[in-house]
Every structure is written in structure tokens, then in C-alpha cells.
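Everything on this sheet refers to the single structure shown next.
To find a chain, count down the sequence lines: A is the first, B the second, and so on, and within it residues start at 1.
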Amino acid sequence: MSQTSTNLPELPKAYKPSEHEDRVWNQWIAAKAFLADPQRVLRDHAKPYAVFIPPPNVTAALHLGHALNNTIQDILVRAHRMRGYEALWMPGTDHAGIATQAVVEKRVMKEEKKRRSDFQRDEFVAKIQAFKDEYEAVITGQLQKMGCSCDWDRQRFTMDEQCAAAVREAFFRLFRAGLIYRGKRLVNWDPVLQTAVADDECYDEEIDGHFYYLRYPLVHALALEPGATRAGAGKGHTHEIDPKPVTWDELASRGYPGANDHPADQQAWITVATTRPETYLGDTAVAINPHDPRATALRGLFVELPLVGRVIPIVEDSYVVLPERYARNDEEKNDPKAKMATGFLKVTPAHDPNDYEIGMRHGLPMVNMMGPDGRVSDKHGWSDVGDAHLLVGLPREKARAKVVEEFKARTVGTESLFEGSKPTRHSVKHSDRSKAIVEPYLSDQWYVRVTDPRMAQAANAVLKKASGTGHQASGDTEGGVTFFPERYAKTYEDWHNGIRDWCISRQLWWGHRIPVWSGHSTGGWQDDPNDIGHRIKKWQAEGRVQLQHRVVELADALSKSNPSEDSFESVCVRSLDDAEVIQALETNGFHQDPDVLDTWFSSALWPLSTLGWPDPSKFNPQMNAGLLEAFNPSQVLCTAREIITLWVSRMVMFNGYLKAPGTGHPALAKPDETSDASASAQSLLPSASSVPFHHVFIHAVIQDGEGRKMSKSLGNGVDPLDIIATHGADAMRFTLCHMATNTQDVRMPVKKDPSGKNTSEKFDLGRNFATKLWNASKFALSMIGARDEETKRSRDEVGAGGGETSSLRLSVSPSLLDRWMLSRLASGFAEVEHALANYEFHEYAQSLYDLLWRDFCDWYLEGVKPTIAQSPAQQAVLGNALSAIVRMLHPAMPYVTEVIWEHLGKVKIARVDGVRLTHDDRFALDDTLKSRVATGLLCHQAWPHVSKALRDEAAEKTFDRMRSLVTMIRDVRATHQVKPSQRIKLLVPAQASEFVMHADVKPLLMTFAGLEAVEARPAGAPPEASVAFTFESAEFLIPGIGGSKETEAARLTKQIVDLEKSVATLEGRLANPGYADRAPPAMVQQTRDELTKKKGELDAAKAALAKVS
RNA sequence: GGGCGGGUAGCUCAGCGGCUAGAGCAUUCGCCUUACACGCGAAGGGUCCAGGGUUCGAAUCCCUGCCUGCCCA
């Protein structure tokens, strides 16, 4: 064939990824192949297909989980780009506040032996910035090596100036609308890092501890009205109370069970159980279950906290676990807490989330007895110290021991205040970053009021259930947000239904600093233009600042907060660079809040900030022009399920709120435009078009072989670059795509390679497939290149570029093999389309794997060998099939397909009816698209279209019959040790000759089965050394290969066993009385036919066996 | 505690009312058949976690239990 010279360079012997990947990548970049043009969308020349990358955080390099995530996005983006959509894949990274700061703190400690506090804030932030630059480059490099077709000219970082401007504006608008407020709440406090940490930044770990049993003396507090009890705590009000001991005698008369067991004239007590005795300093009540038989007797009584002297009420709350002896049923009895419980719960609202809830229910005061460093302190909301001053200043553990010691040393009546302790193992929250035990801590934090109907409720309102057909992956939806797989919609909905306000302040240095300056105005707000209060008002009227008088939350009012804070003013400054305002505020004693925003605040703005919101003309005006209009809403967000609550929800809420009419464009902002939250709430509910994306695709999490999540700390992470080095980027991508099944997790057993790197042999699948594609293409190209004169002539009439403009039609009706191949191609195409439309990536990969390997390589290429050189028609089918397959594979394997295309794209391929390899006219073939096609790069060529009309059931059925006959002959050859190179003769019985001798079938049979002749079986006894086998009840003979009778007998015996099994199954089915009556008649008939056939084959096989033995 | 998954061949996973339950890897046998040994041909290998129910028919739908993973409290 090679002597028929073409001017095409031969493809190299093997595909070596490392020899091509960088070169191909540079071609894409040089051609600006991934640069989106919003104008095409705005001029209505193309539909948009936008995807925002979930910005990887800059703390570490990417692992295979990210590789999967980005492979999926690239597949979607590349497929849509080929379909003519205007594709934008927005790349970037996330600053990941606490995680990054912690990593850098650790690094600085290791390298310089210094703490954060040894640096100025700016100095330390610069160090983190440098670290970020380093890892951002690593991550970007990883994504590019993977071949990710992001719009790299538009890469963003959540803390760059453009994103910072978006954060500022969003904060301002939310603040102005009253959706951001400052409040005292219980947070998870890390006493080492001295910051609040989010729930997801904590982990639970069981530790050994004790339950301590402390006795609190019972008193009357008659001087107080029950409703006024809150005055009893804090600030030295205790002297107004005259606590009068309650005796056991009195308790007995009130009907208190067991009171008689104690000395009648002595002071009575109750016992609380706690694992953290030191927090008793913050107790503001003791709670008892209303169903506890002791509750009635205690109603109206108080206890006096030892040492402190605080008199606190006994409240009834069904949260309290009944002790074992009072359990009302088995469930209560078996509650492990019941064994440890006394029935009395000390209530410390400022130091325990459950107690906080009880405190809220009963209107209890909040007493904070601890400083931010975790030591007992009387400086942070605790003033009625009493004799407890000897505990002040002690760290948690020491205070605990001291409390126990003091209780032991004291008595109530003649009995010890300390009843005892029991060892216990309990789960305690620890901080991810410092590993310290997290303290529930009452502190001042900023909150987003996501409980507002414009937030959580609105986010649920835009939720759309996936429709049954689901052919919507192109994002051509009417709006709303749809989850794939559908079940995740529930996670999203439940989250919003139970949502609590979102604490957004973090006591960190790395992040967006909260743009609020607080201080005292002169208080008068008089008309003196130099008065700061007056100026703030003026700026507010101009839309430059927003003033918030200190918002007093319930918890706040209850805690005895610093009275001087009561007249605090918080001023949110809108613009980053409004120097006049900032300077004036600071001169007047206002200070910017030292805290930064939770990372997810800026992440929540990602679909807006990356597109230039709120003012695309301010930064990168050329790149940003039109972006926002063209690409928000985007089409799909691809992420993992734990992100639903952290990120998806918040993007929907922010995008919805900030894009809703009336929240104010900066240029149009009016001072009176917002503020009243509830009045305008209804009109501000987001429309379906204000969603940040239409689809959310949740993909599997990659685990190691033991089912653990991949992570740096476990050391089970696999670096995509290692896989790319050993297997190639395409192999990795295809394998990951193939693994992306509709399940929650996939396991990836990890091995160490000789150099100690983590790897996995699972990627052999993709590497082998890439090689197969390469070789098939190489071979197919050589076939198309091998032309006779007639073909050469026709080449002038056909177009270049793999059929782009060809008009030649097939003049010869295609052979069975060609009809079969086109039918398979049509099925494969339909499967691919369906899979991509429904985010079924495994099915996408599997369909193409089978189409290329099983159909195209195993059968079509083999079958075509003897005929293709003489058949232009067959060359056309081959060319179309290969071109379509290569195009469909490009999104998954962009490099190898692009290299193949360098050759395939130059070959002229005649058109085949039903296969379209040009751009769909749904899209305007405008100059932009034309110039892209003209680059000759595969990534800009058209996605194929294969008509359903090419499905040919008859051809497939005939082909399958031929194929089973081939398999039988091959089986005979294998069992009789016939060399592959040895041609054999097939003798065909008369009853089968119509099928076998058919011009469609016979040549294929000869090719596939290695036959030198197919002849009618002569009458009479079989020739010497013949082997007989039956196919469709007809006995075929292969002469000259039969050696051992034993071999043949064994083969037949096995066949008989199989057939008997089939017959038994089928007979059993028909013997079932209900089957014939109730199953569909067609199916019953099919079973009968099948049985007849199998019985025939069985008889024949038995007869053959009889002859052999 | 609430919610969501998974338990199918030695391993990793498909199949989710009706083909003798499939694929890749691994295993066995035969092949350097000239696109491909990262390959070709053939073969072995499964009480589809357990128990109950619905159905003519269940790996597939329902219930219970066991094991296992994740998310949210």
C-alpha cells in the first residue's frame, strides 16, 4: 500500500504523549483557541456555554479529585465549543483564608522559628501572598498540563483587585439592606489561633475525660420576681438578693422524692453532672426535665453557685435527659447519657451550644467567663466574681482541677460539695488547623442574614427538579437551578430550610478585610459640616458609606456587654479607595474592623466578580466588556457534594440578590433605594434568570483503595502530573471520565512506583485506549491513502478537512460491512449525545470505547482489509467513521486526537449521506467561527452529526449471525490448535448455504475466520480428519484439522452441557403456568422459538458426539 | 441523631423488572496473523450481602437486618 504514495507524512510508530503534549498546547495557546468572545453571544451569533471553575484553593497542589473535576468540565466545554457554542471556561484560584494562613504560619515557624505575632500584619500578609503566587503557578501548571481549555487570558484570583472590588460592593449593598449585621453569638473558638472557626473547619475526636458531679445548694430568692431573674447575674446585683437556704425538711414537705434520706434541718442541694466543671462560673440556670418527678417540688426554687454566690433559677426544659431510674420507656432508659445523668443540667449559655438554646428559650443571661486565650477571665462579660477570683487567669485545664479542688474543700450542710467523678470517653470538637480543643465562645461577629426570605427562601424558590427527559445539558433551559443527579436537590433544599445566619468574620490576616469602621461619632449629629456625624450623613446621601447604629441582638442585650459599646456607630465604606472618607473616619477615632471575611464570601461572588461585576469598565475593561451580559447565568457548575452547602447555596443566594432589580447599580445608586428589608422582600425575590448557573453537576469523590478520601495529610493523594508523566494526559482524562459513574464515590487503589510516587495501574485503561486509537488511525489513514486511479480523480471533486465541503455521494450501495459500521456509528453517536446531555460521563467514555475498539477496530478495520483499496465508497465510510469518532473523542482526549487531526484533517474524504462533519447551521457561521475553523485545529472543528436513518437493524442482525459463526469456527480452531496463519476450508450444509454463500456474508466470513475456501458439503461420509460443528442446527465440517478425538469429544461435551442448561432454563420458564397467560405474547413466542432452536442444536451436538466416540 | 450512597467475578466497576448477569485488569491456553504484545484469538471464574414481600418473572421494585462510605447536626 505504501507504494501508492501520498504526500501525507506517515504517522509515527507509536503515540508518545510527552512528544506531543507541549507542542499541541502551545498551538492552542498561540491560536488563542480558548478565548471567549462575548460579542458573538450579544450579537446572537451563538449561544453561550459558560462554566466557572470551582477555584482550587492555593494551599496545595491538585490531586486526582481535582483532575476528575476539571476533566469533566473540559469535556463539556470542548464538546460545546465544537458544537459552535461560544464557550467560556473561567479559570482561577481561591485564597482560602484560614487554610492558607495556617499553612504559611506552620512554614514560617519551621523555617524561621517565628510566629505570626512576631510580624507586622502587612509583612505577614506579604509572606502569604508569596506563598499564594507559588502555588497558584503550580496549580495553573497542573491544569494546563491536563489540557484544560480554560480562558487563560481571563484567569482570576479571589483576592485580586477585580474580585476585591466585587466583594466591597456586595458587602456594601448587603450592609445597606440590613442583611449584614454584627451580633454576639456562640462560635467555635480556637483559643490557640484566637479566631472563630467554621463547623467545617473542625473535626470530632473522642477523648478520655470525666463526668464530675457537683452539688449546688438550694435557696429561696424571694426578693426577686421570677421575671426579673436576669438581673441576678453579672454586675454585682447579687447583693439585692437575700438567698435563704432550703432545708431537706422543706423539700420533703414539697414532696421531693428521697428528701427524707438527708438530715432534715440541713441545707438541701441538687447535683449536676458535667465534663467541664470550670464553666460553672458561667452558669445562669439549672435545668430539669418537666417529666422528672422532682420537678414539681423544685418549682420556684433557686440554687446558689458556690464561691461565685450567683443565685440562679431552676428551669424546666425537656432537652434535659432523665436519669436512668426515672426513664419512662426503653428508649430513654437505653440512652447512654441516662447512665451518667443526674437529671440536673447546669446551663452555661455562653459556653455550650445546647445551653445557648436553652438560654434563648428561657430568656437566661449569658455570662462569658473566659478570655479569647481560653483562660478564665473577668474582663469579657463576667463581673459577679465573688470568691471565684482565685480561678481568674487560669487556663482551662488548670481551672478545671482547681474547681474540683475547691468543691472538695467545701460543704453544704455536713456534706461535700463534690459528689464524685466517673471516667468517660466523649467526642470533642477540635480545630483542624491548630488541633486545639474548640471552645464554644460568645463573641462579636459579623453575620449575613441568610435567613431573610431574599436569601435562603429565594434560593429554594429557583430550584427546579430535573425533567424526565433530561436533554438539557446545553443549558437551554427556561431558568432555575437543576441538580444532576437529581437527589442532591434534597441536600440543597434541606440546607436552606434549616439554615442559620452565616457568620462571615474571621479573626485572620489573610483575606478581604471587613470594610467597616467603628467608633463614636460626636453623638449629636448636628449640622456642623465639620462634625463627623454630619459628614457621615452627607456621604451616606451620596451613596459612599452606609451607617449602621450598633444592631442590638437579643443575645447581645442579654449579655452584659460593655455599656460603652452601646453608642457605637459602624460605617461601611463602599469603595476601596475612597481616601477622603477613610482618612476622615480614622482621624475621628474610627477604626477599621481587624477581621477578614470568610473565604466563601468571595467565592459566593465568583460568577459575578470574574465577569467584572459590578463595574466591568473599571478593571481590564477590554477583556470584561460584555462578559457579564453574555455569560451570567452560566450553564453548569461541576463540583463535589460537600460543596453544595458551602458554595452552591451561597452563589445562588448572592447572585440572586445582587442581580435582582433594585439592589442598586453603583452608578444609579440612590440613598433611599433599599434599607427596608421586609417591605420590598417580595419584589426582590430573584427571577429565574438571576441564577448563577442553570445546572449543578455533582460528581463522585475519589477515594483510595481503603475508601478514604484523597488528601495531602493522609499521603494517599496522587499528583496528576505523575500520571501524566507515566501515562499521558489523555490516558488520565479518559480513565477518570470512564470512572465517573452515577455513584457517590469511586475507589482508586494507589500504588507506589519505583521512584516512590503514588500511581495507579487503573490508568493503563486510558493509555491502552489512546494507543489503540493512534494505531487505528494510522492504519485507517494508510487505507484511505491507498487509492486507485478512480479515487484519485474523485479527490478533486471532494473537499478537504475531513469532509468539510465535500459533495461526493456514494454511487455504489454500501456493503453489509459498511452498512453495519454506519449503523454502529449512528448508535454510538446517539449514546454519546445522550450521555453528555445527562452528565453520564462513564457512558460517554464507554460508548466511544466500544465503538472504536470493539466495532471499528475488531470488526470493521479487519473486515475492510481485502476490499478497501479498490473501493472509494468504503474509503468514504472509513473516513467518515474515523473522523466522527476522533471528533467525539476530542473532548476527553484532546491531545492525541489533535495530533491525529494534523493528518486526518488534510485528507479529503467523500461525504456519506447521514453523516455531517460541518458546523450546524443553527449557529451563524460568522467571521469569528470561520476564522477559528480555518486554524485547522481540531478543537474548533465541528462536532459530528450522525443521522438516525443510518441505523440498520437488518444489517446488524445479519452481521451478528455472521459473527457467531465466526466465533464458532475460531473456537474450533483454538481447540484443535490450528495456527492463526493456517487457512482452512469450510464445508457448508445445504440448509445453511443460502446464508453463508450470500455475497454479503461469504467474503466477510473468509476474512474473519481465516478461510481459504467455502464449499458445499459433499454428500456421504465426512472426509478424513474432519471436525464437525453445528450452527443454527446445521452441521458444518472443517476437513483436515481433526487430530484427537478426545479433544473433539471434550469440546462437544462442554457445548452439550451449556445447551442443556439453556434448554432447562427455557423449559422451566414455559412450564410456569402463569407465564403463558400473563407475560406479553411476543415474549412467550420468543421463548418458544428459542427453545426450539436450542433443542435442535442440542440434538445435533449429541449426534456429533456419538459419531466421535 | 437526620439525610444520601454503596455491598454483583480475585480487584475496580457497569447493569437497576424479562437475552445463558457484563466490561477492564488479573488468571489459563494459543499466537510477534505485516495498525497495535499498551496487541490478537479462545477459555475459566459469580447462592448479584442476608432474610421476607410484590410479580407470570427480581441482581433490578418494597420492607427488615447486617456491613461500609459520605454529607448535615
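Remark: Trp853(A) is in phosphate contact with C40(B), judged by side-chain N or O atoms under 4.0 Å from OP1 or OP2. In terms of phosphate contacts, Asn775(A) brings no side-chain nitrogen or oxygen within less than 4.0 Å of OP1 or OP2 of G39(B). For Lys490(A) and C71(B), the shortest distance from a side-chain N or O to OP1 or OP2 is not below 4.0 Å. Under 4.0 angstrom from either OP1 or OP2 of G24(B) there lies at least one side-chain N or O belonging to Arg854(A). Between Arg970(A) and the phosphate of C29(B), there is no side-chain N or O to OP1/OP2 separation shorter than 4.0 Å. One finds a side-chain N or O of Lys865(A) lying less than 4.0 angstrom from the OP1 or OP2 phosphate oxygen of A35(B).
In terms of polar N and O atoms assigned as donor or acceptor, the side chain of Glu840(A) never comes within less than 3.5 Å of the base of A14(B) in a complementary pairing. Lys979(A) contributes no side-chain N or O that forms a donor-acceptor pair with the base of U33(B) under 3.5 Å.
Out of G18(B), A14(B), C56(B), the shortest distance to the side chain of Thr743(A) is found at A14(B). Listed candidates were U20(B), C31(B), A35(B). Nearest to the side chain of Leu861(A) is A35(B). Among the nucleotides U55(B), U20(B), C13(B), the one closest to any side-chain atom of Val746(A) is C13(B). Which of C38(B), G18(B), G41(B) sits closest to the side chain of Arg767(A) comes down to C38(B). For Pro980(A), counting side-chain heavy atoms from C-beta on, the closest listed nucleotide (G5(B), G44(B), C31(B)) is C31(B). When the nucleotides C71(B), C36(B), C13(B) are ranked by their closest atom to the side chain of Thr741(A), C13(B) comes out on top. Comparing G18(B), C36(B), G30(B) by their nearest atom to the side chain of Glu862(A) picks out C36(B). Picking from U20(B), A35(B), C71(B) the nucleotide with the shortest atom distance to the side chain of Lys772(A) gives A35(B). Side chain of Gln703(A), nearest nucleotide from G69(B), G57(B), G3(B): G69(B). Comparing G3(B), G24(B), C56(B) by their nearest atom to the side chain of Leu765(A) picks out G24(B).
His66(A) contributes a side-chain N or O that, together with a main-chain N or O of His63(A), makes up a donor-acceptor pair within less than 3.5 Å.
Taking atom NE2 of His496(A) as the reference point, atom P of G3(B) lies 20 Å away to the nearest angstrom. Taking atom CZ of residue Arg641(A) and atom C1' of nucleotide C70(B), one finds them 5 Å apart after rounding to whole Å. Counting to the nearest Å, the P atom of G22(B) and the OH atom of Tyr849(A) are 18 Å from each other. The interatomic distance linking Asp764(A) (CG) with C36(B) (C1') rounds to 16 Å, in whole Å. Separating the CD atom of Glu843(A) from the P atom of G22(B) is a distance of 18 Å, rounded to the nearest angstrom. Rounded to a whole Å, the NZ atom of Lys778(A) is 12 Å from the P atom of U34(B). Distance CD1 (Ile644(A)) to P (C4(B)): 13 Å, rounded to an integer number of Å. Regarding Asp1058(A), its CG atom lies at a distance of 9 Å from the P atom of G45(B), rounded to whole Å.
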For the pair Val1027(A) and His976(A), evaluate side chain to side chain contact (heavy atoms under 4.5 Å, CB included) and give the outcome as yes or no after the intermediate values.
-> CA-CA 9 Å; Val1027(A) 173; His976(A) 290 277; 3.7 Å; yes
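Classification of the Trp647(A)-Trp600(A) ring pair by plane angle, with boundaries at 30° and 60°, yields tilted. Ring orientation note: the planes of Tyr839(A) and Phe841(A) are tilted relative to one another, at an angle of 30° to 60°. A tilted orientation is assigned to the rings of Trp774(A) and His20(A), their planes being inclined by 30° to 60°.
For Tyr844(A) and Tyr849(A), the gap between ring centers reaches or exceeds 6.0 Å.
Across every strand in view, A42(B) sits in a pair with U28(B) that passes the Watson-Crick or G-U test at under 3.5 angstrom.
When the C1' atom is compared between C11(B) and G2(B), the two are found 34 Å apart, to the nearest whole Å.
Residues Met783(A) and Leu878(A) meet the side-chain proximity criterion, which asks for heavy atoms closer than 4.5 Å.
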